[in-house]
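Contents: one structure, followed by commentary.
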There are 2 protein chains.
Amino acid sequence: MAKSTIVLDEIDRRILRLLQQDGRIAVTLLAEQVGLSATPCLRRIRRLEEAGVIARYAAVVEPSRVGLPIQAFVQVALSSHAEEVAAAFHKALAARGEVIAAYAMSGGMDYMLHVVAADFEAYADFALKALLRMPGVKETRSSFVLMALKPPGAVPV
Amino acid sequence: MAKSTIVLDEIDRRILRLLQQDGRIAVTLLAEQVGLSATPCLRRIRRLEEAGVIARYAAVVEPSRVGLPIQAFVQVALSSHAEEVAAAFHKALAARGEVIAAYAMSGGMDYMLHVVAADFEAYADFALKALLRMPGVKETRSSFVLMALKPPGAVPV
DNA sequence: CCTGAAATTGCCGCTAA
DNA sequence: TTAGCGGCAATTTCAGG
């Protein structure tokens, strides 16, 4: 996982596009579609993995199909930005599985969280009993997802 | 991709957890880790795929490593909620690769977008020239990601 | 192109309703 | 007894050299 920026040519980009669509595609098939034979194609894939361009491979699980139909985005403001407070808050976030993504943000609110829950009761429990009691939390603002127009998808390469 | 809710037992959940961590894990190895032999394990995986629990497999690409270090969440309000307007807006969104996720939301703003860009200029181009001119867009509010604390991760199963 | 390993399929046995 | 689930073995396909 080298930090350096890597130069991608058009073939690398095509490989990335295809692997984002289907992370389990056989190298043989992938190679065919980008106009290489398997060996150099595999070399490129390894290079992309080692450079950290491909962070990992994952099965994309549909939350609504595993009993988690409620999704929300929550903006959070902290009352203090002292390092210990932020660190404790980060740790508290990390321990919560329902927080599937978390970002520190610019602007009025300090964080943006993407949260899933089984129902509104479970969400309320999270928002009131867990989140609001996390270290330093001053204010939260929840919005619920009504419909996913574009489910978390591919990065344009 | 059946719509019906599917019953997951503890082994299914373990399979899902492992596949979310590593979507390319060999079935043989996966089977070992969940205490099955390869055949029934593979059968379960197929079942989860067919039920739409596993929507797809994907290589997770690090945006900052492919020249897209800027990430923003944008809330969008439409001036009209007429069906044609919304549909035209959805179509316009779909055509924009930098929008990596889009949701219709409850609350004051109608949509939440997750956007990536190469730099602020590219972001400004998107926000001013593309987004604001999309059908029905009344108001937008952008917040930038300063740091990803929890990059889009696993759904808790 | 070759070799070993993995995925996949057919077939059989066990168990619980 | 039958539907459901797991395992073994044979075959095909793939990864990696």
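All chains are named by letter (A, B, ...) in the order of the sequence lines, taking the proteins before the strands, and each is independently numbered beginning at 1. The shown structure was predicted, so the numbers you read here are calculated from the model rather than taken from an experiment.
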* Asked: Among the nucleotides C:dT8, C:dC11, C:dA7, which one has an atom lying closest to any side-chain atom of B:Ala38?
  -> C:dT8
* To do: Would you indicate whether the side-chain heavy atoms of B:Phe126 and B:Leu132 approach each other to under 4.5 Å?
  => no
* Asked: Taking the side chain of B:Thr28 as heavy atoms from C-beta outward, which of D:dG6, D:dG16, C:dA7 is closest to it?
  -> C:dA7
* **side-chain N/O B:Arg43 vs D:dG7 OP1/OP2, d < 4.0 Å** => no
* Measure from the side chain of A:Leu42, starting at C-beta and using heavy atoms only, and say which of D:dA15, C:dG10, D:dG6 lies closest. => D:dA15
* To do: Take atom CD1 of B:Ile45 and atom P of C:dA6, then tell me their distance rounded to the nearest Å.
  => 14 Å
* Can any side-chain N or O of B:Arg24 pair as donor or acceptor with the backbone N or O of A:Gly23 at less than 3.5 Å? -> yes
* To do: Would you indicate what B:Arg46 reaches in the nucleic acid, counting non-hydrogen atoms under 4.0 angstrom: base, sugar-phosphate, or nothing?
  => sugar-phosphate
* To do: For B:Arg24 and for B:Ile11, find the nucleotide of DNA chain D with the closest heavy atom, then tell me which residue's nucleotide is more 5'.
  => B:Ile11
* Structure fact -> Rounded to whole Å, CZ of A:Arg44 lies from P of D:dA15 at a distance of 17 Å
* Of the listed nucleotides C:dA6, D:dA15, D:dG7, the one nearest the side chain of B:Pro40 -> D:dG7
* Whole-Å distance separating the CG atom of B:Asp9 from the C1' atom of D:dC5 -> 11 Å
* To do: Calculate the interatomic distance between B:Glu32 atom CD and D:dG7 atom C1'; express it in whole Å.
  => 15 Å
* **Aromatic ring proximity, centroids under 6.0 angstrom, A:Phe144 and A:Phe73** => no
* Between A:Tyr57 (OH) and D:dA15 (P), how many Å, whole number? -> 11 Å
* Asked: What nucleic acid atoms does B:Arg47 come within less than 4.0 Å of, heavy atoms only: base, sugar-phosphate, or nothing?
  -> nothing
* Hey, are the side chains of A:Leu36 and A:Arg44 touching, using non-hydrogen atoms and a 4.5 Å cut-off? -> yes
* Structure fact -> In whole angstroms, the gap separating C1' of D:dC14 from CG of A:Asp22 amounts to 14 Å
* Selected nucleotide, minimal atom distance to B:Thr39 side chain, candidates C:dA7, D:dC8, D:dC5 -> D:dC8
* Length of the line joining B:Asp12:CG and D:dC5:C1', which is rounded to integer Å -> 12 Å
* **Salt bridge flag under 4.0 Å for residues B:Glu10 and B:Arg17** => yes
